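Single-structure report; data block below.
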Amino acid sequence: ILRSPPALQLTLALIKPDAVAHPLILEAVHQRILRNRLLIVRRRELLWRRADCRRFYQEHEGRFFYQRLVEFMASGPIRAYILAHPDAIQLWRTLMGPTRVFRARHVAPDSIRGSFGLTDTRNTTHGSDSVASASREIAAFFPDFSERRWYEEEEPQWR
Ligand code: RTP
Ligand code: MG
C-alpha cells in the first residue's frame, strides 16, 4: 500500500554566538540536526545588528534579561537554519532542552542545552515556539524564502 508521507513542518533554529565560537560545539549541534533526521532546508551564517536582535526579541522588551540578550546575540557570528520535519517545532525544542541551564542540566542532561549551555542567555540555541513564530522568524532571516515555492519546486521527492 502506498501511503502519502506526512506534511512537513518548518522551524527556525539558531546557533547562538557561544556555540558558533566553539568549533567542537558547533559541529556537535550540527550533527544532532542530521542524526535526528531534521532536513536542512536553508542555512546561513551572519553577524546580527543590535536593531535586528531588538526586533526579533521584541516580545521580551522590558524584561530584566532583554538588554543582556540583545548584546549577546549581536556579540559574534550566529548560524540560522530552516529545518523541516513532520514535527519540526517540537522535535527541535526537545533536542534543545529547557531554556534555563540549571534545569537543562538536571532534567535533560543529554539535550543540547544540558550538554553545552553556559547560562540562561548563553544557552547554545534558539528554536521557534509555534507555527506563527516559525513563519515570522523564518521571514526575518530568509526574506526571499517562500514555503510554498520550496515545497512545490525544490522537494518534490517528499510527496
Ligand atoms: P528560546 O526563546 O531560546 O526558544 O527559549 P524560550 O522561549 O524557552 O525562552 P524565553 O524564556 O522565551 O527566553 C527568551 C530568550 O531570552 C533568553 N533568556 N535569558 N536570565 C536570562 O539571562 C535569560 N532568560 C531568558 C533565553 O536564552 C532565550 O533566548
Ligand atoms: Mg521564546
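Quick caveat: nothing in here was measured; it's all calculated off a predicted structure. Starting from 1, each residue takes its place in the sequence as its number.
- Within the 3.5 Å criterion, the main-chain N or O of Ile15 finds no donor-acceptor partner in the side chain of Thr125.
- With sequence neighbours excluded, no residue forms a ring-ring contact (aromatic ring centres under 6.0 Å, His included) with Tyr57.
- The existence of a salt bridge linking Glu71 and Arg50 is confirmed by a sub-4.0 Å separation between a basic side-chain nitrogen and an acidic carboxylate oxygen.
- With rounding to the nearest 0.5 angstrom, the CZ atom of Arg103 is 11.5 Å from the CG atom of Asp120.
- Pairing each heavy atom of Gly117 with each of Val101, the nearest pair is O-CG2, 3.4 Å.
- Taken from CG in Asp110 to CZ in Arg105, the straight-line distance is 13.5 Å, to the nearest 0.5 Å.
- Checked against ring-ring contact (aromatic ring centres under 6.0 Å, His included), Tyr66 has no partners two or more places apart in sequence or in another chain.
- Panel note: side chain Asn123, backbone Thr99; a donor-acceptor pair is recorded below 3.5 Å.
- Panel note: side chain Lys16, backbone Arg79; no donor-acceptor pair is recorded below 3.5 Å.
- Between His126 and Phe56, the ring-plane angle classifies as perpendicular under the 30° and 60° cut-offs.
- The ring-ring contact (aromatic ring centres under 6.0 Å, His included) search around His22 returns none, not counting sequence neighbours.
- A donor-acceptor pair is defined here as one N or O able to donate and one able to accept, closer than 3.5 Å; such a pair exists between the side chain of Arg93 and the backbone of Gly127.
- With sequence neighbours excluded, the residues that form a side-chain contact (heavy atoms from CB on, under 4.5 Å) with Ala88 are Gln9, Thr11, Leu38, His85.
- The structure places CG of Leu39 at 11.0 Å from CD1 of Ile33, a figure rounded to the nearest 0.5 Å.
- Here Ile89 is tied into one hydrophobic group with Val131, each link being a pair of ILVMFWY side chains closer than 4.5 Å.
- Residue Ile82 holds its CD1 atom at 4.5 Å from CZ of Phe145, rounded to the nearest 0.5 Å.
- By the ring-ring contact (aromatic ring centres under 6.0 Å, His included) test, Phe72 pairs with no residue at all, sequence neighbours left out.
- Aromatic ring centroids of Phe141 and Tyr81 lie 6.0 Å or more apart.
- Rounding to the nearest 0.5 Å places CG of Leu14 at 12.0 Å from OG1 of Thr124.
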